[in-house]
Visitor: 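Please find one structure pasted underneath; my questions will follow.
Protein chains get the first letters and strands the later ones, always in sequence-line order, with residue 1 at the start of each. Note that the structure is predicted; figures quoted are calculated from it, not measured.
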Number of protein chains: 2
Amino acid sequence: MSRALARKLSNFLELTDQDKTYLDRITFARETVPADRDIVGFGEVPATMFVIERGMAIRYRVLRGGERQILSFMLPGDLCDLNVFLLKKMDHNVASLEELEMSRIRRDDVLKTYFKRPRIAAALWWSALQAEAISREHIVALGRRRARSRLAYLFFDIYWRLKAVGLAEDNVLNLPLTQAEIGDALGLTPVHINRVLKELVEEGLIDKQRGQVQLLNTEALQKVADIDDHYLHLDAPPREIASYFHDLERLTDVSN
Amino acid sequence: MSRALARKLSNFLELTDQDKTYLDRITFARETVPADRDIVGFGEVPATMFVIERGMAIRYRVLRGGERQILSFMLPGDLCDLNVFLLKKMDHNVASLEELEMSRIRRDDVLKTYFKRPRIAAALWWSALQAEAISREHIVALGRRRARSRLAYLFFDIYWRLKAVGLAEDNVLNLPLTQAEIGDALGLTPVHINRVLKELVEEGLIDKQRGQVQLLNTEALQKVADIDDHYLHLDAPPREIASYFHDLERLTDVSN
DNA sequence: CGTCATCTTGAACATGTTCAACAGTGGTGG
DNA sequence: CCACCACTGTTGAACATGTTCAAGATGACG
């Protein structure tokens with residue numbers, strides 16, 4: 001059922017057919033969500049975890065004054081949240097940015113995975129780690145980068161992540177965001193986003209049209225962004241860890 | 001050996017004497033680190049995880065231009081990182097802010113804990129979750145709050161966390177930070193920190209002297225910070241989760 | 001074809017930065 | 001014990017980046 005999840009996890013380890021079958025079995029209730037709908041609301045106690053299958057979602061917080069801060073973007077294959085299982089209630093919202101498809105994974109099945117399918121659990125853990133690395137980069141961007149730099153960083157973040165799940169052509173990315181939403185992610189006003197975006201286009205660094213951005217000069221743009229492509233930690237885990245989980249799984253009941 | 005860790009984890013679940021003995025057994029190599037030393041450097045592959053026993057540390061990144069962004073503060077009982085185990089190399093540094101004591105936990109012992117002591121593993125997982133909630137709040141602060149608000153937020157963050165491990169008297173917190181370091185955490189310049197700090201003192205909201213901050217009017221200050229105290233998720237996990245791990249542990253070999 | 005959201009642009013403004021100078025403070029060695 | 005040094009904190013003035021407010025243009029969609 002969940003092609004996206006398998007695709008994402010296979011960045012971390014090679015999935016056997018058996019693994020893929022297992023993932024198919026625990027993902028269920030695939031559904032289509034219209035654009036701009038809250039998927040999980042502040043204060044709720046989510047009973048299942050879910051996976052984005054198609055489309056883009058955000059996690060965000062709204063402050064008392066009504067300002068919004070987007071905490072992260074969720075792309076196909078991303079999980080939300082390995083975490084919320086232990087929390088009593090959500091401290092933020094999750095919403096669709098466009099029409100998307102998602103499916104669910106039961107809390108029980110996640111817990112069981114931890115003990116019955118250590119390799120897959122390790123891959124899930126890994127994807128949580130990657131999310132944290134992304135979140136660290138977000139903090140750096142908001143704390144210590146100027147507007148142009150934040151924008152460039154955003155493009156690369158999304159581009160590399162889309163690319164990692166095979167959803168971006170070379171130097172082109174779909175970005176179904178209004179300028180206000182970009183501002184909410186980067187801690188800037190829509191007006192300023194508009195201006196800086198215009199600059200980047202005029203300088204020939206990017207081109208844009210209808211929710212699509214083309215990176216015209218990646219080298220220069222990456223200099224503007226001041227990042228390298230290592231922070232995503234998309235490469236496989238250290239060998240010893242991988243083999244630890246592999247060995248462990250051989251000793252474990254994999255029958256269900 | 002590790003009083004701090006047990007103290008912290010007991011916020012999440014009741015630790016039996018056996019649990020405490022187990023934690024003692026897996027923490028080792030307690031050592032004292034002088035102030036302003038890198039504990040784990042960028043690019044390194046950490047072989048062990050560690051726990052802060054006494055004192056304060058930071059995780060930080062340095063940009064090409066030399067600007068620094070502090071990613072998080074690490075207080076006694078905090079782990080660094082449940083995460084790095086799966087990463088090939090560190091994408092940030094960890095350093096001591098003052099003289100501190102830390103001890104280590106072997107990678108193997110962490111992995112074994114996951115399968116042999118599910119309850120403790122759940123508590124470790126929980127503490128990783130809490131760290132993420134803190135990091136979400138950091139993003140909100142940097143993205144959508146003004147300087148006064150960020151400062152007030154920082155005081156509460158550290159205060160509540162210190163309080164949770166029994167290390168803060170009422171409305172007083174030790175904050176062994178220079179104004180430059182506060183700036184590096186909040187995405188502001190030292191000069192501006194100085195000015196806003198002065199404002200807060202003149203308004204009678206706080207008092208400060210020698211690395212110590214007193215919260216004089218918590219109600220007003222919390223309004224300035226625009227946060228509530230729920231985000232730390234210090235309360236226990238949902239009952240069903242707790243009992244799941246409890247049951248699981250009864251079926252598991254706890255002998256070593 | 002009308003309506004709503006989004007985008008675009010200008011001008012005045014605010015918050016925070018930069019640069020620079022000096023004061024306090026703690027630690028070190030003579 | 002004092003003198004010196006380095007780091008931290010403090011303050012002012014000019015400046016820059018990004019915000020706010022406001023108005024109009026464009027575009028998507030029924």
Visitor: The side chain of B:L188 is closest to which nucleotide in this list: D:dT20, D:dA13, C:dG16?
Guide: C:dG16
Visitor: Separation of A:E99 atom CD from D:dC29 atom P, in whole Å?
Guide: 12 Å
Visitor: With nearest nucleotides of DNA chain D determined for B:D36 and A:R150 from heavy-atom distances, which residue corresponds to the more 5′ nucleotide?
Guide: B:D36
Visitor: Without decimals, in angstroms, what is the distance between A:E67 CD and C:dT15 P?
Guide: 14 Å
Visitor: From the set C:dT17, D:dT20, C:dG26, return the single nucleotide nearest to any side-chain atom of B:R210.
Guide: C:dG26
Visitor: When you check the phosphate oxygens OP1 and OP2 of C:dT9, does a side-chain N or O of A:K198 lie under 4.0 Å from one of them?
Guide: yes
Visitor: If we only count heavy atoms from C-beta on, is the B:L215 to B:L173 side-chain gap below 4.5 Å?
Guide: yes
Visitor: Assign each of A:T178 and B:G187 to its nearest nucleotide of DNA chain C by heavy atoms, then name whichever residue's nucleotide is nearer the 5' end.
Guide: A:T178
Visitor: Measure from CD1 on A:I193 to C1' on D:dT17 and round the result to the nearest Å.
Guide: 13 Å
Visitor: Between A:Q179 and C:dA5, is there a contact of a side-chain N or O with OP1 or OP2 at under 4.0 Å?
Guide: no
Visitor: Determine whether any donor atom in the side chain of A:R195 lies under 3.5 Å from an acceptor atom in the base of C:dG10, or the reverse, and answer yes or no.
Guide: yes
Visitor: Please check the phosphate of C:dT8 (OP1 and OP2 only) for any side-chain N or O of A:N194 closer than 4.0 Å.
Guide: yes
Visitor: Nearest to the side chain of A:A147, which nucleotide is it out of C:dT8, D:dT20, D:dG18?
Guide: D:dG18
Visitor: Which of the following nucleotides, C:dT8, C:dG16, C:dT18, is nearest to the side chain of B:V191?
Guide: C:dT18
Visitor: To the nearest angstrom, how far is B:L97 atom CG from D:dT8 atom C1'?
Guide: 15 Å
Visitor: Looking at five pairs on each end of the helix from C:dC1-D:dG30 to C:dG30-D:dC1, what is the angle between the two axes, given to 10 degrees?
Guide: 40°
Visitor: Kindly point out which of C:dT9, D:dG9, C:dT17 is positioned nearest to the side chain of B:H192?
Guide: C:dT17
Visitor: Any heavy-atom pair between the side chains of A:D157 and A:F155 that's under 4.5 Å?
Guide: no
Visitor: Rounded to whole angstrom units, what separation is found between the CG atom of B:L186 and the P atom of C:dG16?
Guide: 11 Å
Visitor: Separation of B:R145 atom CZ from C:dT15 atom P, in whole Å?
Guide: 17 Å
Visitor: What are the two closest non-hydrogen atoms of A:D78 and A:F73, and how far apart are they?
Guide: OD2-O, 3.9 Å
Visitor: Ignoring hydrogens, what is the shortest heavy-atom contact between A:Q222 and B:R64? Give both atom names and the distance.
Guide: O-NH2, 4.2 Å
Visitor: Find out whether B:R61 and B:L63 are in side-chain contact, i.e. whether some heavy atom of one side chain is under 4.5 Å from a heavy atom of the other.
Guide: yes
Visitor: Do NZ/NE/NH1/NH2 and the carboxylate oxygens of A:R145 and A:E137 come within less than 4.0 Å?
Guide: yes
Visitor: If I take atom NZ in residue B:K208 and atom C1' in nucleotide C:dG24, what distance separates them, rounded to the nearest angstrom?
Guide: 12 Å
Visitor: Students often get this wrong, so: under 4.0 angstrom with heavy atoms, is A:R146 touching a base, only sugar-phosphate, or nothing?
Guide: sugar-phosphate
Visitor: I need the CZ-C1' distance between B:R144 and D:dT20, as an integer number of Å.
Guide: 13 Å
Visitor: Could you pull out the closest heavy-atom pair between B:C80 and B:M74, with the gap in Å?
Guide: CB-CE, 3.0 Å
Visitor: Between A:V33 and A:E101, is any pair of side-chain heavy atoms under 4.5 Å apart?
Guide: no
Visitor: Nearest-nucleotide wise, let me know which of A:V196 and B:E181 is further upstream toward the 5' end of DNA chain D.
Guide: B:E181
